[in-house]
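Structure record follows, encoded as structure tokens.
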There are 2 protein chains.
Amino acid sequence: MAENRTRYAILGALTLEPMSGYDLKRFADESVAHFWAESYGQIYPILKQLVAEKLIAPTTRKRTGPRDRVAYAITDRGREVLRGWLSEPAEHQIGRIEILLKLFFARNAAPGDAIRIVEAFRGDYLAKLGRYEGTEVRLRAERGDRADLPYWLMTLSYGRQISSALVAWADETIAALRRLARESNSPS
Amino acid sequence: MAENRTRYAILGALTLEPMSGYDLKRFADESVAHFWAESYGQIYPILKQLVAEKLIAPTTRKRTGPRDRVAYAITDRGREVLRGWLSEPAEHQIGRIEILLKLFFARNAAPGDAIRIVEAFRGDYLAKLGRYEGTEVRLRAERGDRADLPYWLMTLSYGRQISSALVAWADETIAALRRLARESNSPS
DNA sequence: TAGAGCATGTAATAGGTTACATGATTAG
DNA sequence: CTAATCATGTAACCTATTACATGCTCTA
């Protein structure tokens, strides 16, 4: 069973600085959103668990906003556990890719449907590609001092390479689908 | 909420021929395994649901093996529902990519760990790449008659392109990690 | 003074995997 | 005879998302 990775995402984020549940969600949304998502429904219960296991500890409350804010800091044991996880190979998920499921059964679809779907897919990834470029520029400018920066850029590069491979695949696939449509219209 | 896609996977498979729950699992394992997985715990309950909704119907039992085997056939309503789903754009999942999470926090890891992990990752995708080539040859030979073949090849191409992009990314990333390690050992 | 953002949390639900139970038959 | 394969199913569990509740404070 895929062990709960949210725990490690939280431990990892807390190595950067102490954060509250709210902070963690914000952090996830702006930094790792392109390959990782977290929801409050996961974060808060797991924060409690981690405190019980002494992997993190609440720091003194601060009043930064309209409400008290409990920031959690990672403990030495927390760092050990994180390091342990980091030393294990990454499980690779089988991943369910919806567009491929549709394409696999596309013979049952109306003629233009498959093409439209792949075109939309292409558009999504082209847009992502643009955003990655932007993020890289911004990261280098704002976070050029961070020792973590090189690692962050590696994750961005992953996104960039996947996206451009998928745009290329979409182009090829759209061409093939058009060919198929022509052939079935005018069977020589 | 991501509507239950297993329903459509089953409906789609039953357009090829009537199948039992057992058959469906086998079919998934050998045809769409590289982008879709199904488990019995999903298949059997959903078969019942689909029967109740009249999207599929049990055919007469056959004795092909040591036990009775109930094959289900898709109904006209089932085909309609499938076509409806096929006409909608594919939702794209945010996807949680574990190796990127590890890399993102890799500054906390022991020196060689990140490199080892990316190397293992590279090996996995290189192996996949080889399997895709094999599958394509086999498919063309065994299923060259199937009208669905062109669609199936498109899903294979996706796998091939993703895999080779990821091998390239891994190469680049391993090089970058080695550079980082050298720099931290001998800070000029 | 209304609404947006801050901040924490929970309950309901969905979607899925794993492990197990059951029992027949066939191949080695 | 024993193990593997055929075949169907279920219960327990895990992970995660969504939607909601609460209530404060700052801004327009």
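Just so we're clear, the structure is a prediction, and the values are computed from it rather than from any experiment. Residue numbers begin at 1 in each chain, while the letters A, B, ... track the order of the sequences.
Regarding contacts with the backbone of dT18(D), every side-chain N or O of Ser39(A) stays at 4.0 angstrom or more from both OP1 and OP2. In this model, the phosphate group of dG16(C) is approached by a side-chain N or O of Thr6(B) to a distance below 4.0 Å at OP1 or OP2. One finds no side-chain N or O of Tyr22(A) lying less than 4.0 angstrom from the OP1 or OP2 phosphate oxygen of dT8(C). Contact between the side-chain N/O atoms of Tyr40(A) and the OP1/OP2 oxygens of dG9(C) is not found at any separation under 4.0 Å. Proximity of Arg26(A) to the phosphate of dA7(C): no side-chain N or O atom is located under 4.0 Å from OP1 or OP2.
Between the C1' atom of dC14(D) and the CD1 atom of Ile46(A) lies a distance of 11 Å, rounded to the nearest Å. For the pair Glu91(B) CD and dT18(D) C1', the interatomic distance rounds to 14 Å; values are reported in whole Å. As a whole-Å value, the separation of Arg69(A) CZ from dT25(D) C1' is 16 Å. Lys25(B) places its NZ atom 15 Å from the P atom of dT5(D), with the value rounded to the nearest Å. Straight-line distance from the CG atom of Leu47(A) to the P atom of dG9(C): 8 Å, rounded to whole Å. To the nearest angstrom, P of dT15(D) lies 9 Å from CD of Gln49(A). The nearest whole Å value for the distance from the CE atom in Met19(B) to the C1' atom in dA7(D) is 16 Å. Atom-to-atom, CZ of Arg96(A) to P of dT15(D) comes out at 17 Å; the value is rounded to the nearest Å.
Residue contacts shown for Gly21(B) are limited to sugar-phosphate atoms, with no base heavy atom under 4.0 Å away. Nucleic acid contact class of Lys48(B) (heavy atoms, under 4.0 Å, all strands): sugar-phosphate only.
Along DNA chain D, the nucleotide closest to Gln42(B) and the one closest to Asp23(B) are compared, and the more 5′ of them pairs with Asp23(B). Between Tyr44(B) and Glu38(A), the one whose closest nucleotide on DNA chain D sits nearer the 5' end is Tyr44(B).
Between the side chain of Trp152(A) and the main chain of Ser31(A), no donor-acceptor pair closer than 3.5 Å is present.
Ion pairing of Glu183(B) with Arg179(B) is absent here, as no side-chain N (NZ or NE/NH1/NH2) approaches a carboxylate O to less than 4.0 Å.
Applying the salt bridge (Lys or Arg N to Asp or Glu O under 4.0 Å) test to pairs two or more places apart or on separate chains, those with a residue in residues 30-51 of chain A are Glu38(A)-Arg96(B).
When the ring pair (Phe, Tyr, Trp, His ring centres under 6.0 Å) test is applied to Tyr44(B), the partners found at least two apart in sequence or on another chain are Tyr40(B).
Between Tyr132(B) and His34(B), the distance separating the two ring centers is shorter than 6.0 angstrom.
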